[in-house]
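Presented below is the structure to which this report refers.
Computed from a predicted structure; not experimentally measured. Each ligand, and each atom within it, is numbered from 1 in the order the structure gives.
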Amino acid sequence: MNYLNFLLILSTSLLFSCGNPAEQANAAALSGKEVEPDNFKYWVWTTADPNRPDASYTEEFKKYSENGIEAVLINTNTDPRLLSRLAPLAKKEGLEVHAWIMAMNRPGDTVALKHPDWYAVSRDGNSTFDTRPYVEYYQWLCPTREDSRNHVLSLVEGLAKVDGVASVHLDYIRFPDIFLPIGLLPKYDLTQEEELAEFDFCYCEVCIAEFEEMHHKNPGEFENPALDMEWKQFRLNKIKAVVDDAYEIVHNNDKILTAAVFPYPEMADHMVRQRWDKWKIDAVLPMIYNNFYNEETDWIGFATKQGVADLAAKDVDLHTGIYVPTMSAEEVKQAIELARENGAKGISFFDGNALTPQQLEVIKSFGKK
Ligand SMILES: [Zn+2]
């Protein structure tokens, strides 16, 4: 953001954002925008450590509830026992609990590691079993193979059976990034102007054979695979099929299905083969992390609006996800306002432990408690 933009945002926020929630609702009503202060939900993502004592978790959960946060998405590294321990502690502090799972990216999964053939294979023939794209923790399962997808679904079921959990929350429910967020490219010293073979998945023999039977052409022989729409659609459908099956499983256990997804559907499609507006799902939490994409805060409003519009015909709620470590308290305030004004049903913060006292104060000022 340049200095002029900063001044503009600062002056705009001073003019329009002071005051209590009732005044904000009134101002929104005057501007014709829909705001339901009592129904707007505040979430955090947080990652659990089995070695932390209960008292430490109680302190963390209390911090959230005392500042108006109502729901906590807990990553237990897919451990139903740890989740069973933490869910009552969170609920005791008045929080709704969601079971966050890394779905297709399963680094160090001890069951999957016994089956090297379960892993996604790149266009240049490397398996993420032993060749990781971008980072060490990228170890992705193939969504097409019966055994690898059923493994993921069995993990979903294990979390869905935990008492006191409201939803199973799918994360990494996609292919590896064919395009990395533009703001992250310098970090990896990468240039991506086309779909590069080492980041293009999945070319395992099962994916190729199934696609070839359906479409009578072999993606391994395409001159430019990015131009083949059936090949793109095949992969979008494979992720959707895992989600749709997960939906049935969690609903059979009286839970709902939520997911952390890319900012809006076409962008998700372009970057990670993820078309979440077509899924069977109850709520999505798009990670509208403006700083990853070299975008300014107002982009949070744009992306929220786009996703909400794309879900208009469906009974799916959208809660905007924001990345707080690089945001000032003032920017968090703007992000909350942008999410509300553009039709989100809530906002989620990544991550809970990164929230500063100033940011928590802003969240609290929106006045739930
Ligand atoms: Zn495959």
Item to complete: Check the side chains of Tyr203 and Asp200 for a donor-acceptor pair under 3.5 angstrom, ignoring hydrogens and angles.
Response: yes
*Do we see a donor-acceptor contact under 3.5 Å between the side chains of Asp351 and Trp45?*
no
Under a 4.0 Å N-O cut-off, is there an ion pair linking Lys364 with Glu66?
no
Given the options Phe302, Tyr323, Tyr264, Trp299, Tyr293 meets ring pair (Phe, Tyr, Trp, His ring centres under 6.0 Å) only with Trp299
- prompt: Does Arg145 come within less than 4.0 Å of Asp117, counting only side-chain N to carboxylate O?
  reply: yes
Quick note, salt bridge (Lys or Arg N to Asp or Glu O under 4.0 Å) partners involving residues 43-53, not counting sequence neighbours, are Arg52-Glu60
So the protein N/O/S atoms within less than 2.8 Å of the Zn ion (ligand 1) come down to Cys142 SG, Cys202 SG, Cys204 SG, Cys207 SG
